[in-house]
Structure formats: C-alpha cells, structure tokens
Protein chains: 2
Amino acid sequence: MIQVSPHPEKAFSGSNNLNIVDFARICKALGHPARVRIIQHLRSMDGCICGNIVEMLPLAQSTVSQHLKCLKNAGLIQGNVDGPRTCYCLNKDVLERFRQGIDELTV
Amino acid sequence: MIQVSPHPEKAFSGSNNLNIVDFARICKALGHPARVRIIQHLRSMDGCICGNIVEMLPLAQSTVSQHLKCLKNAGLIQGNVDGPRTCYCLNKDVLERFRQGIDELTV
DNA sequence: CCTTTTTATCGTATTTTTACGATATACGAT
DNA sequence: ATCGTATATCGTAAAAATACGATAAAAAGG
C-alpha cells in the first residue's frame, strides 16, 4: 500500500493521536459486515469467548479467527488467553480516539 | 462478499438508518489513506475540482479517479459535472448518519 | 498418558483492491 | 472543424482480502 505521505503525520488536528495510516487501518478493519458485528457484539457483552463469536456468525471458525486477527491488528480489540480459550474485549482507548477522529472528519 | 444476515437489518438501534452493509461499505471506503485525505481536503474546501485532488496526491490521475469512484459508490461524496470538469463535494447527510453509527458503536 | 475442547495457523482457491499507462469522452476555446 | 484540457474508463499486473478445510498447539479432564 502506498503511503500518502512519507512521514506518518497526525491524521487530525485535535487531541486524538492517530496518524492517517492507523486511522485508515481502523476504518478498513470495520469495512466488513462480519467485523462490525463482532464489535457490536463485544460492545454489548463487555468481553466474550471466541467460540461465542463463532456461533454468532455464519462463517467457519478459521475465518472468524482471521477476522479477529484483523481487528486485533488494527488495535480495536484485544484477546486475553484464559486456559484453552481466548476472551476478546474492546480496546476502549483506541475506540475513543477513533471516534474523535471520525468526529473531526465529519462534524 | 458474504452477507452476514440475509435481511439488511438496521445496523444500529438509534435514529440513523444505515444498515450494516452500507455502514461497512463506508468504513471500507475510508480504509485507505488516500481516500481519507480526499475527505479531509473536501471538508476544508467545501467542494473542489478533481484536478485539484490529483495534484494533492502522489498518485496517477486514473488512480485518483478510481478512489473518487469508490467514495462516490459509498455515498460519501458526489460529483457535479461543470463543463469539462467535475466538482466533488461531501455528502453531508451520509457523513452525519455515518458519524451517528460510529457513535453508537464506540461511545 | 490419552482424549477432548478451544483457538490459531497453514495451505490454497477465488475474488477484490490497488496501481499504472493508454485511450475514450466531453466540453470550451480558437 | 480542430485543438487542448479535464476526467472517466479500459486493460492489465501485482498484491491483498476472503473463505474454507486441514492441521497444529495448548490446556483441562479422564
């Protein structure tokens, strides 16, 4: 992917500190219905097991695992290993900075 | 792309009326640094000529045209033909509904 | 130790995205 | 009519995303 600017400048003027590449990465991570569903679900549950997410979606377990990885790479969620399971939850700091970025872009 | 649910349900509970597929499409459209730059630029200019956007980005004219098409398909911008030129501007309604969707997802 | 459960990763096929140059189109000006 | 300017589209190559089944890994329970 081409980097629009060689230096990862701040994406926005305000207090949030997401550069434009990170901001776009988060948008991209939210750019698939299944991943939006996952975020919605985690928001309502305040953390839940991977298998629970797999049940919720009409997708193979390996595919869901891939989507979770994508969300994790973007920083939107984190996974805490708990025995044989992984408990996923939202990364609220990142989510809040992202929301601020969207605000600056849209309001 | 798999549709997570056969019926395009509302993505969110509130007053915005974006279904989850449209919401994800907008996120995806914002999922590239060049397209975020375009939106930022249009926001600061309140409408501008395509060639202006091309100058701003280190990309070929045809590539920029493709990015503009992507943003237009997502509903984020609209292009008004003006003689040999096209003047692009933000679609503020869509942007506002999108912002509300992000709020519901993140706040 | 063996089995089961849970999740991640590998390998792979298909589709989509991203980028470019070349070309077509549409309009204004000469 | 012809030329130049501005933009969109076509063709195409390379990379990334998406999906699946199969397999690996890690922990708990018997």
Side-chain angles (χ1 to χ4, degrees), chain A residues 1-6 20-22 24-39 41-42 45 47-74 76-89, chain B residues 1-6 20-22 24-39 41-42 45 47-74 76-89:
Chain A
M1 186 196 300
I2 276 200
Q3 190 138 340
V4 169
S5 170
I20 201 167
V21 172
D22 290 337
R25 198 196 319 281
I26 292 175
C27 288
K28 196 171 195 173
L30 291 175
H32 190 292
R35 293 194 292 262
V36 176
R37 290 284 288 262
I38 291 172
I39 296 294
H41 193 242
L42 290 182
M45 306 273 291
C48 93
I49 296 305
C50 172
N52 201 314
I53 299 167
V54 172
E55 282 171 26
M56 188 188 67
L57 297 170
L59 294 169
Q61 176 268 322
S62 57
T63 304
V64 173
S65 205
Q66 243 178 189
H67 283 308
L68 289 167
K69 191 178 184 178
C70 173
L71 290 168
K72 204 164 75 174
N73 285 342
L76 286 169
I77 65 173
Q78 67 189 95
N80 304 304
V81 176
D82 168 30
R85 283 148 245 222
T86 307
C87 181
Y88 283 98
C89 63
Chain B
M1 186 196 299
I2 276 198
Q3 190 138 340
V4 169
S5 170
I20 199 167
V21 172
D22 290 337
R25 198 194 320 281
I26 293 175
C27 289
K28 195 172 194 172
L30 291 175
H32 191 292
R35 294 193 293 262
V36 175
R37 290 285 289 261
I38 292 172
I39 297 293
H41 193 241
L42 290 181
M45 308 272 293
C48 94
I49 297 304
C50 172
N52 201 313
I53 298 167
V54 172
E55 283 171 26
M56 187 189 66
L57 296 170
L59 294 168
Q61 177 268 322
S62 58
T63 304
V64 173
S65 205
Q66 242 178 191
H67 283 307
L68 289 166
K69 191 178 185 179
C70 173
L71 289 168
K72 204 163 75 173
N73 285 342
L76 286 170
I77 66 174
Q78 65 190 97
N80 304 304
V81 175
D82 168 30
R85 282 146 248 221
T86 307
C87 180
Y88 284 98
C89 63

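Note that the structure is predicted; figures quoted are calculated from it, not measured. Just the heavy atoms: all of them, side chains too, but no hydrogens, waters or symmetry mates, feed the values below. To find a chain, count down the sequence lines: A is the first, B the second, and so on, and within it residues start at 1.
- Judged by distance alone with a 3.5 Å cut-off, a donor-acceptor contact links the side chain of A:Gln66 to the base of D:dA19.
- Residues passing the side chain to side chain contact (heavy atoms under 4.5 Å, CB included) test with B:Lys72 are B:Ile77, B:Tyr88, sequence neighbours excluded.
- Contact between the side-chain N/O atoms of A:Lys69 and the OP1/OP2 oxygens of C:dT7 is not found at any separation under 4.0 Å.
- Of all nucleotides listed (D:dT9, D:dA19, C:dT9), D:dA19 comes nearest to the side chain of A:His32.
- In this structure, B:Lys28 does not reach the D:dA17 phosphate: none of its side-chain N or O atoms is under 4.0 Å from OP1 or OP2.
- With a 3.5 Å ceiling on both atom-pair distances, the Watson-Crick or G-U wobble partner of C:dT30 is D:dA1.
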Name the pairs: protein N/O against N/O of nucleotides 3-7 of chain D, kept only if under 3.5 Å.
| residue | atom | partner | partner atom | Å |
| --- | --- | --- | --- | --- |
| D:dT7 | OP1 | B:Cys50 | N | 3.3 |
| D:dT7 | OP1 | B:Thr86 | N | 3.4 |
| D:dT7 | OP2 | B:Gly51 | N | 2.8 |
| D:dT7 | O3' | B:Thr86 | OG1 | 3.2 |

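- Applying the side chain to side chain contact (heavy atoms under 4.5 Å, CB included) rule to B:Ala29 yields the partners B:Cys70, B:Leu71, B:Ala74, B:Leu76; only residues at least two apart in sequence or on another chain are considered.
- The CG atom of A:Asn80 sits 13 Å away from the P atom of C:dT7 (whole-angstrom rounding).
- Applying the side chain to side chain contact (heavy atoms under 4.5 Å, CB included) rule to B:Asp82 yields no partners; only residues at least two apart in sequence or on another chain are considered.
- Distance, A:Leu68 CG to D:dA19 C1': 15 Å, rounded to whole Å.
- When the side chain to side chain contact (heavy atoms under 4.5 Å, CB included) test is applied to A:Ser65, the partners found at least two apart in sequence or on another chain are A:Gln61.
- Rounding to whole angstrom units, CG of residue A:Leu71 and P of C:dA8 are separated by 12 Å.
- The heavy-atom pair separating A:Asn80 from A:Cys89 by the smallest distance is ND2-SG, 4.0 Å.
- As a whole-Å value, the separation of A:Leu59 CG from C:dT7 P is 16 Å.
- Projected onto DNA chain D by closest heavy-atom contact, A:Gly83 and A:Thr63 fall at different nucleotides, the more 5' of which corresponds to A:Thr63.
- When side chains are defined from C-beta on, A:Ile53 does not count as touching A:Arg37, because their heavy atoms never get closer than 4.5 Å.
- Look at B:His67 and you'll find a side-chain N or O under 4.0 angstrom from OP1 or OP2 of C:dA19.
- Partners of A:Arg85 according to the salt bridge (Lys or Arg N to Asp or Glu O under 4.0 Å) rule, which considers only residues two or more places apart in sequence or in another chain, do not exist here.
- Residue A:Asp82 contributes atom CG, which lies 12 Å from atom P of C:dT6 at whole-angstrom precision.
- In this entry the distance linking CD of B:Gln78 with P of D:dA8 reads 14 Å, nearest Å.
- Rounding to whole angstrom units, CZ of residue A:Arg25 and P of C:dT17 are separated by 18 Å.
- Distance B:Asn73 CG to C:dT17 P: 10 Å, rounded to the nearest Å.
- For C:dC20, neither phosphate oxygen OP1 nor OP2 lies less than 4.0 angstrom from any side-chain nitrogen or oxygen of B:Ser62.
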